[in-house]
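Please read the structure below before turning to the comments.
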2 protein chains.
Amino acid sequence: MTSETEIFKVLDFISEKALREEILEYCQVLTFQKGETIVREGEYVKVLPIVLSGHIRVFQAKEDREILLYYVDPSQTCMMSLSACFYNNQSPSQAVAVSETKILAIPTRYITQWQKKYNSWNNFVIKTFRNRYDELLETFESVAFDHIDKRVMEYLNHRKEKEDTSIIKLSHQQLAYELGTTRVVISRILKQFEMDGILKLHRAEIELL
Amino acid sequence: MTSETEIFKVLDFISEKALREEILEYCQVLTFQKGETIVREGEYVKVLPIVLSGHIRVFQAKEDREILLYYVDPSQTCMMSLSACFYNNQSPSQAVAVSETKILAIPTRYITQWQKKYNSWNNFVIKTFRNRYDELLETFESVAFDHIDKRVMEYLNHRKEKEDTSIIKLSHQQLAYELGTTRVVISRILKQFEMDGILKLHRAEIELL
DNA sequence: GGATAACGGTATCAAAAGATACCATTGCCG
DNA sequence: CGGCAATGGTATCTTTTGATACCGTTATCC
């Protein structure tokens, strides 16, 4: 999985040969186990991680609550890191590996260098900023204006689309963490949905009808 | 205010002579009156507005509620527009002139062109993305985790710092719009703060003690 | 097989926020 | 000067969400 060809099979947007060579020369492939923390809140960011395989969950935490910001999937990078590394800043949020995850670790000094030298890299940076911003804005909107029941439905439908399955493997507690609320609230709402015939509850599993 | 020298007095970060010339050749200065809408939600974005004088308020609205995203002050630009114009997208939020506002309107086709040609322009674009993202994240955090009373205090202190005065000119309704809640809720909280001796209420004016 | 942890159903109570309504005051405009 | 809009004080009621507590079930691990 970490051979040259495999790396650029995932990072197929990197077209320049010279950039590929620089990547092989200066970057490292790191592996994180499921549940391992990749970036801590307040930590200084020294490398930009691009996901090669697996998934990273980026979230904000406060006391015993947490709320999902987004997932980083293969060929994507973490907005926090990108933002933080431009000015050698601290990360405002946490990142944890959802499953075993391999990342390409790019030392921050190359980010801006490559932006000037390589078109595809500049596009990648801009696209990341853009997409993550839009995503955050969408989440913001739903947190600011919507009730939790609607947010639960939206979250489940989003998962359904993304994973192309009606059965979402997820405990009530996990769902509470995703949306920034508590388990009891989620159980209550899901039960109501089940009574309305919208879904069926199984152990650590939600079946959309 | 719209003479060449005045423009680049505000946009002093633009160092390249060639870029200054391109700006003068291809861009227009537009004036908006107080309260005038600059960008509507869902509208396609064709120019990137950089504020020369005055202030723009960018917010999201839903039914009779609205919530502040950020202000655009002189020498800054609107994140929405920047994001939207990269892919010829619709604006996800609205922008209104707070006071008489002059902007430099840059046709979107130059944004990426200049990014490659001019260092200072690329920095401007990146810095805008970065700062707006961090700002949004901060607002998101407070909406997700904090109660309204705390958000009211934070908003007022922020204004106090920014404007360097203890007297904030603001009606309860306006404050409700900034924070995405209703007038009655704000009046209730402010009254409580006044009873606690934290501030003093005047008509359309809040005095921090 | 028994301890233990994860999962989740549910009841009760409290707090936060929103909805509505009504009225008094102030400022402005014709 | 009279009307009208903006401002804001306040009371009442409801809804939403959160906090706590308790218990039964299921899975997992020695």
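Every heavy atom of this structure was used, including side-chain atoms; hydrogens, water molecules and symmetry mates were not. Here is the naming used below: chain letters follow the sequence lines, and residue numbers restart at 1 for every chain.
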>> With a strict under 4.0 Å distance from non-hydrogen atoms of chain A, what nucleotide opens and what nucleotide closes the contacted stretch of DNA chain C, reading 5' to 3'?
In response: dA6(C) to dA11(C)
> How far does the helix from dG1(C)-dC30(D) to dG30(C)-dC1(D) bend, going by the axes of its first and last five pairs, to the nearest 10°?
Replying inline: 40°
> In residues 142-154 of chain B, which residues come under 4.0 Å of DNA chain D by heavy atom?
Replying inline: none
> Within 45° of the six-membered ring axis of Tyr70(B) and under 6.0 Å from that ring's centre, is NZ or CZ of Arg132(B) located there?
Replying inline: yes
>> How close do Leu175(B) and Leu190(B) get, counting heavy atoms only, and between which atoms?
In response: CD2-CD1, 4.2 Å
>> Under a 3.5 Å cutoff, is there a donor and acceptor pairing between the side chains of Asn157(B) and Glu161(B)?
In response: no
> Are Glu22(A) and Tyr110(A) linked by a side-chain donor-acceptor pair shorter than 3.5 Å?
Replying inline: no
> Looking only at side chains, do Tyr155(A) and Arg151(A) share a donor and an acceptor under 3.5 Å apart?
Replying inline: no
> With distance as the sole test, does Thr128(B) use its side chain to make a donor-acceptor pair with the main-chain N or O of Ile126(B) at under 3.5 Å?
Replying inline: no
> Hey, does the side chain of Gln60(A) reach the backbone of Pro92(A) with a donor-acceptor pair shorter than 3.5 angstrom?
Replying inline: yes
> Contacts to DNA chain D from residues 187-208 of chain A, heavy-atom cutoff under 4.0 Å, which residues?
Replying inline: Arg188(A), Arg203(A)
> Taking the side chain from Trp121(B) and the backbone from Ile111(B), do they hold a donor-acceptor pair closer than 3.5 Å?
Replying inline: yes
> What residues in residues 173-181 of chain A put a non-hydrogen atom under 4.0 Å from any atom of DNA chain D?
Replying inline: Thr181(A)
> Under 3.5 Å, is there a donor-acceptor pair between the side chain of Arg183(A) and the main chain of Ala176(A)?
Replying inline: no
> Within the distance-only criterion (no hydrogens, no angle test), does the side chain of Ser91(B) pair as donor or acceptor with the backbone N or O of Glu41(B) below 3.5 angstrom?
Replying inline: no
With a 3.5 Å cut-off and sequence neighbours excluded, list the donor-acceptor pairs that the side chains of residues 201-209 of chain A form with protein atoms.
| unit_1 | atom_1 | unit_2 | atom_2 | d |
| --- | --- | --- | --- | --- |
| His202(A) | NE2 | Glu207(A) | OE1 | 2.8 |
| Glu205(A) | OE2 | Lys169(A) | NZ | 2.6 |

> Does Ser81(B) reach the main-chain N or O of Met79(B) with its side chain, forming a donor-acceptor pair under 3.5 Å?
Replying inline: no
>> Quick check: closest heavy atoms across Val10(B) and Val51(B), and the distance to 0.1 Å?
In response: CG1-O, 4.0 Å
>> Which heavy atom of Arg40(A) sits nearest to which heavy atom of Thr37(A), and what is that distance?
In response: CG-CG2, 3.8 Å
>> Counting C-beta onward and ignoring hydrogens, is there a side-chain heavy-atom pair between Ile103(B) and Val47(B) closer than 4.5 Å?
In response: no
